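One structure below.
Residue numbers begin at 1 in each chain, while the letters A, B, ... track the order of the sequences. On a predicted model such as this, the values are computed, not experimentally measured, just so you know.
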Amino acid sequence: MRGEETLYLPGMDHAGIATQNVVERELAKEGLTRHELGRERFVERAWEWTKIYHDRIADQTRRLGVSCDWTRERFTLDEDLSNAVRTAFVRLYRKGLIYQGSYLVNWCPRCESAISDLEVIPVEREGRLWVIRYPVVNGDWDGPRYEWTSGRWAEGATEFIEMATTRPETILGDTAVATSPEDPRWRDLVGETAVLPAIGRRIPIIADEAVDPGFGTGAVKITPAHDPTDNEIGIRHDLPAIDVMTDTAEMNEQAGPYAGQDRYECRRNIVEDFEKEGLLVRVEAYTHSVGTCERCHTDIEPRVSTQWFVRTKPLAEAAMNAVREGETVIVPKREEERFFHWMENIRDWCISRQLWWGHRIPVWHCGGCGEHTSGMTDPTECPHCGSEELHQEEDVLDTWFSSGLWPFSTLGWPDTDAPDYRRFYPTDMRETAYDILFFWVAREMMLGIEMTGQSPYSTVYLHGLVRNENGEKISKSMEDIDEYDPLDIIDAYGTDALRYTLMTSSTPGLDMNLDPRRLEGARNFANKIWQAARFVLMNTSLEDVAGFEAPSASMDLRLADRWILSRLNRLIENVDRLFESHQYGEAGRQINDFVWSEYCDWTIEASKVRLYDEEVENRVPVAVLLHVLETSLRLLHPFMPFVTEAIWQALPGETKEGDALIVAPWPEADGTLLDDEAEESMALLMDLIRGIRNRRAEYRVTPGKRIPAMIASPDAGDVLAKQQDVLCALAKLDPERLAIEESMEPPSQAATIVVGRTTCYLPLAEMVDLEEERERLSEELRDVEGRIAHSKELLAGPFAERAPEHVVQRERDKLEDLKTERVELERRLETLG
RNA sequence: GGGCGGUUAGCUCAGCUGGUCAGAGCGCCUCCCUUACAAGGAGGAGGUCAUAGGUUCGAGUCCUAUACCGCCCACCA
């Protein structure tokens, strides 16, 4: 609408681990595992599933009215995107930013794959803390002489070292026991040797800074292959890391007597055996957090394994610079802190997954020399030794690796001359929920800058999450996600209502709950505009729009016209300012307020005076109605594209520019139509009308019954006189019995309305209960007096000198008005006795 | 253990850079099927803006604590 070339490119990623899990779940229903099916056929199944869900997601997107360019739709497994993935991988590989190594990773025994730190969800568990002891080799005892589980395994041992653990099954992989360097309890044992129960391995007792002397017994078992801290300690002390589990977290041959048992089965058994051997000191209840798989919720097993990593430090540094220097701005600002914190503490990114669904890592291992090689074309012989015994890496890449290239891989990159890439990269805005800042945005920033030299976008706009009634975030991987299909909401309330609600019930970065009452309200709003448009069109004749001109300050406009045009232009200014600062919700609410209250309730109602009067020329009022409606539609279009477009299409051609609202020019504020005087006068008129309606309601005057009124106004008499017809129509006054003077003698039996310097009397004769009227006026007087006192106090104090002049002046004006009101109220009370 | 967010009318939530900001919708009360709209119109009632201090002429709006609720990071066995 602003005339700028805009690309909104739709597409999807292949969601590697999530898709693989879903497909495996489907296979399970058929009694099959992926291994039984084989890689090739499994991938075929994944493609089938992907196609079904692609169509479903695309349909949802279309019905949401997302106006993107479907001719450019992309999928991360498309040939060109796969080419981009390979290019990026090879470049990083050659630059030494990708390496293979054996490190401790998060292993999901159900997915049978490594996952990244971000994919591990910590969950609080009521667990146990087992305090156990290992015998120490000394002069009296130099090792077990009986079988494990004989009950005599530790017979003869005289010295023990005690420690606490939450995971007894990992004992089998222990390669040391550690204490804090300055712990007096165990100081003498440091340097000695303990014997690992069950296995009989001799392990050193060491001292390390990482051990907290304040926790447990001050000593800790060290399992470098199954615990992050232990792994680091292991590296520091050059300890072996013994993996005691299989890919599915069963105990392997390293687990001695427990080989073949599930890790939890092993835990139960080994605790029992410890007890039997007199090595279990005590058991405590203990709540701690356990890492679980984001996708399948299985407990993660930290495990040393050979994986591929991206060296993230240099990439993170560049990404942080882009944000520091303002090349990319994150909205809301506070999210930048989270971004920096994460980037500063980033660890190398494990990008290999032992899955079948995804981009297979373009690395070939040589059976001859053991080296590996990577390149844009598949090698036929090893460049290191010439051997033809090459085998491609089985692992696939983390989905986020390919998703991280999205801002440019979709635009033709690596061809930097590709027209779309030249035109649209770097992009303007990355809009997403804040939960994906690290997963995706951070990776896009790192890979984008590394690959293209430019940050992929200038603004990252982070909105909140939609949560359900339990406060859980609604995401497509939820078990009962079908309960939250946007299409159901669209069927019930309409797309416009859903969009409007999503945009107006949130504020940047804060979560929202989708309240059905809001959806209903939004639907009603859409209906309201529809009805308003119907009214305007019903009252528009061909003559009215012949030679239509948008209302301008030079036209012969009445107060209500000048007022609504002034309000409209103020609204345009506000909406522009709010859009600029990403306050979309506030913009939507203001448009709603304007359309519903100011346009429908006042402008349209006031216009009826003229439209229904045969004597009056309709051209100008109709022009104003049409213009304000048409402009409002344009403002509202981003929020409610369907209803606004439908109405807009029905408007007479003379009143609009362009073939469709979606490409009509965005409204521009016209400063010449801002009119403080009109706004002030209209405010008086409106207050007066509200006051009269209020009294009518209180005195139960028959609705629609015309009543007399007397208005005394020293300064607004002319304005009100000119608006007599509007006043009479909206307040249901009898024009024959309406008097407007500078001042007048108040009638005895009348209800009184005081608005600033203007006083209105409604001589309601027998209807007025004098006692009630007195009470009501007294109450009003008390209120006014209180406000006067407050205002005087304020003006007498330091406020008068310290506050800005215009603020002080406003307070003085307010005081003057209050004083006038007080005089009127007092006079009135006097006449009432 | 750090860090962040929330706490405003009965309910769900807005309130940008401190000065008509005490608001909206729903609900509630009273009227009204008036020729755009009952998915509506008119008029009402309803909140010491979590608590305690502080800064300021002036604070839902800034600062400091506290209390709940939620989230994010973190190697406490």
**Report entry** By salt bridge (Lys or Arg N to Asp or Glu O under 4.0 Å) - contacts of A/K792 (at least two apart)
**Finding:** none
Got a list of protein N/O to nucleotides 74-77 of chain B N/O distances below 3.5 Å?
| from | atom 1 | to | atom 2 | distance (Å) |
| --- | --- | --- | --- | --- |
| B/rC75 | O2' | A/T229 | OG1 | 2.6 |
| B/rC75 | O2 | A/T229 | OG1 | 3.3 |
| B/rC76 | O2 | A/D212 | OD2 | 3.2 |
| B/rC76 | N3 | A/D212 | OD2 | 3.4 |
| B/rA77 | OP2 | A/Y286 | OH | 2.5 |
| B/rA77 | O2' | A/A164 | O | 3.0 |
| B/rA77 | N6 | A/D212 | O | 2.6 |
| B/rA77 | N6 | A/F215 | O | 2.9 |
| B/rA77 | N1 | A/D212 | N | 3.1 |

Report summary line: chi for B/rG54 classified (syn = within 90 degrees of 0, anti otherwise) as anti
Query - Where RNA chain B forms stems, i.e. three or more consecutive Watson-Crick or G-U pairs with both distances under 3.5 Å - result: B:1-7 with B:67-73, B:10-13 with B:23-26, B:28-32 with B:40-44, B:50-54 with B:62-66
Query raised in the report: Would the A/F639 and A/F525 ring centres measure less than 6.0 Å apart?
Result: no
Query - Side-chain donor-acceptor pair present, A/T223, A/D174, cut-off under 3.5 Å - result: yes
Query raised in the report: In whole Å, what separates the P atom of B/rU48 from that of B/rG10?
Result: 8 Å
Report summary line: Comparing A/D593 with A/K732, nearest RNA chain B nucleotide closer to 5' gives the residue A/D593
Requested in this report: With sequence neighbours left out, write down each residue that passes side-chain contact (heavy atoms from CB on, under 4.5 Å) with A/T507, or none if nothing qualifies.
Outcome: A/L510
Report task. Quote, to the nearest angstrom, the P distance that separates B/rU17 from B/rC71. Result -> 26 Å
Query raised in the report: P atom, B/rA9 versus B/rG46: distance in rounded Å?
Result: 15 Å
Requested in this report: First locate atom CD1 of A/I564, then atom CG of A/L625, and finally report the distance between them rounded to the nearest 0.5 Å.
Outcome: 9.0 Å
Query - side chain to side chain donor-acceptor pair (under 3.5 Å) against A/R517, all qualifying residues, sequence neighbours excluded - result: A/D515
Report summary line: Residue set satisfying side chain to side chain donor-acceptor pair (under 3.5 Å) with A/E169, at least two apart, ordered chain then number -> A/R167, A/R267
Query - First encountered from the 5' end of RNA chain B, between A/R334 and A/R517 - result: A/R334
**Report entry** Residue list, salt bridge (Lys or Arg N to Asp or Glu O under 4.0 Å) with A/E605, at least two apart or on another chain
**Finding:** A/K608
Query - Interatomic distance at C1', B/rC21 relative to B/rU8, whole Å - result: 11 Å
Query raised in the report: How far, in whole Å, is B/rC76 from B/rC69 if one measures between their P atoms?
Result: 23 Å
Would you be so kind as to tabulate the donor-acceptor pairs closer than 3.5 Å made by side chains of residues 813-820 of chain A, with sequence neighbours excluded?
| from | atom 1 | to | atom 2 | distance (Å) |
| --- | --- | --- | --- | --- |
| A/D813 | OD1 | A/Q809 | NE2 | 3.1 |
| A/K814 | NZ | A/E811 | OE2 | 3.4 |
| A/T820 | OG1 | A/E816 | O | 2.9 |

Query raised in the report: Quick one: A/L514 CG to B/rC11 P, roughly how many Å, whole number?
Result: 20 Å
Query raised in the report: Do A/F160 and A/Y134 have ring centres separated by under 6.0 Å?
Result: no
**Report entry** A/R338 bridged to A/E335 by N-O distance under 4.0 Å
**Finding:** yes
Query raised in the report: Given the C1' atoms of B/rU55 and B/rC63, what is the spacing between them in whole Å?
Result: 7 Å
Query raised in the report: Distance between the C1' atoms of B/rG15 and B/rG54, in whole angstroms?
Result: 24 Å
Report summary line: Across all chains, not counting sequence neighbours, the side chain to side chain donor-acceptor pair (under 3.5 Å) partners of A/Y599 are none
Report summary line: Under a 4.0 Å heavy-atom criterion, the protein footprint on nucleotides 13-22 of chain B, written with B, S and -, is SSSB--B---
Report task. Please list, chain by chain and in numerical order, all residues satisfying side chain to side chain donor-acceptor pair (under 3.5 Å) with A/E232, sequence neighbours excluded. Result -> none
Query raised in the report: Between A/Y500 and A/N592, is any side-chain donor less than 3.5 angstrom from a side-chain acceptor?
Result: yes
Query raised in the report: Can you find a donor-acceptor N/O pair under 3.5 angstrom joining the side chain of A/R338 to the base of B/rC73?
Result: no
Query raised in the report: Reading nucleotides 35-45 of chain B 5' to 3', which nucleotides get B (base under 4.0 Å from a protein heavy atom), which S (sugar-phosphate only), which -?
Result: -BB-BSSSSS-
**Report entry** Distance in angstrom units between A/Y493 OH and B/rG25 C1', rounded
**Finding:** 14 Å
Report summary line: A/Y434 OH to B/rG70 P, in whole Å, measures 14 Å
Requested in this report: Determine the Euclidean distance between corresponding C1' atoms of B/rC37 and B/rC32; express it in Å to zero decimal places.
Outcome: 14 Å
